[in-house]
Structures are given as C-alpha cells and as structure tokens.
Amino acid sequence: VGQLRDWAELARLAGNDFETVILPRYPHLDRLKRDIQETDPQLALLTGSGSALFAIYRSEQELEAAHETLGRRFPGIMFIPTRTLTEMPRVQPA
C-alpha cells in the first residue's frame, strides 16, 4: 500500500460498513449525513460504530460556511470544528 498524499486520495478509499446498518435505523443520522454531504466536504462518514459523524473540508472557509449552515438546520446538535495536523509531531525519546 502506497502512502496517502492528501485527503482527496483518502476519501476515495474511505468507508464505514456500519453505515448500512446504523443509518437506516436512525433516520435523523441519515438526514444529518445527507445534509452534511450537501455542504460538499471532501469526505463525510459515520465514526466507528456510530457515536458521531465527521466531515473534512478543503478550506477553513468551507468549514465555516458548513458549520453555519448546519448549525441553523440542526440547532440542537453540537458541531465541533477542528483542524488536522499539517505534519507529524516530533516525539522525544525517553
């Protein structure tokens, strides 16, 4: 397996098999995921076994616009904008 160079490359490979089980059983999560996808992220998936959904955007401006749109549509849901690392942190040997 080669090294992934960017989020677009990862998005082509990413998936969560639990989505086929969880989303039909919880229509509000299915609707939320569809609304997230309408904000045009590079990637949007259910995390693990379904404790949350996440999305990756191309820019901070796209993230902010999506956060504003989704916050208005889903006022009772917590959205936590975060950032990924741009490089691996250095670890000091013990």
Within the side chain of [X], is there an N or O that forms a donor-acceptor pair under 3.5 Å with the backbone of [Y]?
{"X": "Asn16", "Y": "Gly48", "answer": "yes"}
{"X": "Thr47", "Y": "Leu53", "answer": "no"}
{"X": "Arg58", "Y": "Leu63", "answer": "no"}
{"X": "Glu19", "Y": "Leu45", "answer": "no"}

[Y] side chain reached by [X] side chain, heavy atoms, under 4.5 Å:
{"X": "Lys33", "Y": "Leu23", "value": "yes"}
{"X": "Asp30", "Y": "Leu32", "value": "no"}
{"X": "Leu70", "Y": "Thr39", "value": "yes"}
{"X": "Phe54", "Y": "Leu43", "value": "yes"}

Query raised in the report: Sequence neighbours excluded, which residues qualify as salt bridge (Lys or Arg N to Asp or Glu O under 4.0 Å) partners of Arg83?
Result: Glu60
Report task. Inspect the surroundings of CZ in Phe18 and state if more than 12 heavy atoms from other residues, nucleotides or ligands are less than 6.0 Å away. Result -> no
Report summary line: CZ (Arg31) and CG (Leu29) are apart, to the nearest 0.5 Å, by 12.0 Å
**Report entry** Between OG on residue Ser49 and CG on residue Asp17, distance to nearest 0.5 Å
**Finding:** 12.5 Å
Report task. Find out if a path of hydrophobic residues (ILVMFWY) with successive side-chain heavy-atom gaps under 4.5 Å connects Ile36 to Ile22. Result -> yes
Report summary line: Heavy atoms of Phe79 and Phe74 approach each other most closely as CE1-O, 3.8 Å
Report task. Could you tell me which non-hydrogen atom of Glu62 sits nearest to which non-hydrogen atom of Asp40, and how far apart they are? Result -> OE1-O, 4.1 Å
Query - Under-4.0 Å salt bridge between Glu68 and Arg72 - result: yes
